[in-house]
Amino acid sequence: RTDDMLDMADAIKNVWADAWLFRTFEERAYYRVDHKSLGMAVLVHPNFAEEEANGVAVTANPFDASGLDPAFYINAQLGDASVVLPPAGITTDQVLVYWDSPGQPIVYIGHSNLVASNATVLSRTQLLALATALDKIHDYFRAAYGTGVDWYAMDIEWKFDGEPGQEPALYIKQARPYGQ
């Protein structure tokens with residue numbers, strides 16, 4: 001057995017143990033969820049040692065809850081620098097992609113200070129590839145999360161990574177309802 005296998009075994013044990021914490025047991029009982037129907041999972045994905053870019057995105061414009069100005073909001077950073085809790089003084093690219101508008105305009109609200117002053121973290125091609133994925137994710141989960149609500153969005157974690165000399169590929173790491 002390798003250390004990786006032991007780490008995986010520990011992760012699985014921890015996930016299963018969390019399912020049987022008193023608090024989670026009581027919550028299932030309160031909502032009348034059959035304890036025998038419980039299922040747990042561990043997500044396994046590649047380790048991104050030196051990713052090209054990372055970020056989070058929202059599949060609707062968080063600055064316009066009315067829905068009259070639809071856009072995808074993308075927060076992007078170079079490499080593996082944090083976009084959620086960046087160190088003091090570090091800024092990120094903050095972008096609105098007006099996916100459903102003619103010409104799909106891209107508007108920068110802020111710029112990363114980890115790239116040259118005239119550069120952006122993602123190329124237009126990468127932004128449009130990400131927007132294509134956001135559109136598909138938004139539509140896929142609409143039936144589960146977007147019915148019966150005034151404003152619906154998904155919160156996405158993503159990466160661009162690739163071998164040196166190759167065009168970085170987009171990886172979607174996580175998708176969950178926005179605000180939950």
Spatial distance of atom [atom1] ([X]) from atom [atom2] ([Y]) [nearest 0.5 Å]:
X      : Y      : atom1 : atom2 : value
Glu26  : Leu21  : CD    : CG    : 12.0 Å
Met154 : Tyr178 : CE    : OH    : 13.0 Å
Leu122 : Leu78  : CG    : CG    : 9.5 Å
Thr120 : Leu127 : OG1   : CG    : 6.5 Å
Arg23  : Asp18  : CZ    : CG    : 8.0 Å

### Task
Please report the C-alpha distance between Phe141 and Tyr152 in whole Å, then the side-chain angles of each, then the deciding distance to 0.1 Å, and finally whether the ring pair (Phe, Tyr, Trp, His ring centres under 6.0 Å) criterion is met.
CA-CA 10 Å; Phe141 286 104; Tyr152 153 72; 8.5 Å; no
Check your understanding: Within the side chain of Asp100, is there an N or O that forms a donor-acceptor pair under 3.5 Å with the backbone of Ala71?
Key ->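 A pair under 3.5 Å: no.
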Of the non-hydrogen atoms in [X] and [Y], which two are nearest, and what is the gap between them?
X      : Y      : answer
Ile74  : Ala57  : CG1-CB, 4.1 Å
Pro102 : Pro105 : O-CD, 3.6 Å
His111 : Thr91  : O-OG1, 2.8 Å
Ala65  : Trp151 : O-CD1, 3.1 Å
Ala153 : Val58  : CB-CG1, 3.7 Å
Asp64  : Pro70  : OD2-N, 4.2 Å

Side-chain heavy atoms of [X] within contact of [Y], under 4.5 Å:
X      : Y      : result
Val95  : Phe72  : no
Asp93  : Ser112 : yes
Trp99  : Gln104 : yes
Ile106 : Leu96  : no
Trp158 : Leu170 : yes
Tyr108 : Gln94  : no

Does the side chain of Tyr171 come under 3.5 Å of the side chain of Glu51 through a donor N or O and an acceptor N or O?
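Tyr171 vs Glu51: no donor-acceptor pair found between side chains.
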Modelled atom types, side-chain donor and acceptor of Gln77 and Thr92, under 3.5 Å:
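No, because no side-chain N or O of Gln77 sits under 3.5 Å from a partner of the opposite role on Thr92.
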- Query: Should the pair His35 and Phe25 be assigned to parallel (<30°), tilted (30 to 60°) or perpendicular (>60°) ring geometry?
  - Reply: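 Plane angle under 30°, so parallel.
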Going hydrophobic residue to hydrophobic residue with side-chain gaps under 4.5 angstrom, can you get from [X] over to [Y]?
X      : Y     : value
Trp20  : Phe22 : no
Leu134 : Val83 : no
Ile172 : Val56 : no

- Query: Does Asp150 CG have over 12 foreign heavy atoms under 6.0 Å away?
  - Reply: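 Not buried by this count: 12 neighbours or fewer within 6.0 Å.
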Enclosure of Glu163 CD (heavy-atom neighbours >12, cutoff 6.0 Å):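 Incorrect, the count does not exceed 12.
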Does Glu52 form a side-chain contact (heavy atoms from CB on, under 4.5 Å) with Lys159? I'd like the steps, not just the answer.
CA-CA 8 Å; Glu52 306 281 333; Lys159 308 260 184 219; over 6 Å; no
- Taking the six-membered ring for Trp, is the centroid-to-centroid distance between Phe63 and Tyr73 below 6.0 Å?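 Ring centres of Tyr73 and Phe63 closer than 6.0 Å.
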Check: Tell me, which pairs form a salt bridge (charged side-chain N to carboxylate O under 4.0 Å, His left out) where one or both residues lie in residues 119-139, sequence neighbours left out?
Finding: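 Found Asp139-Arg142.
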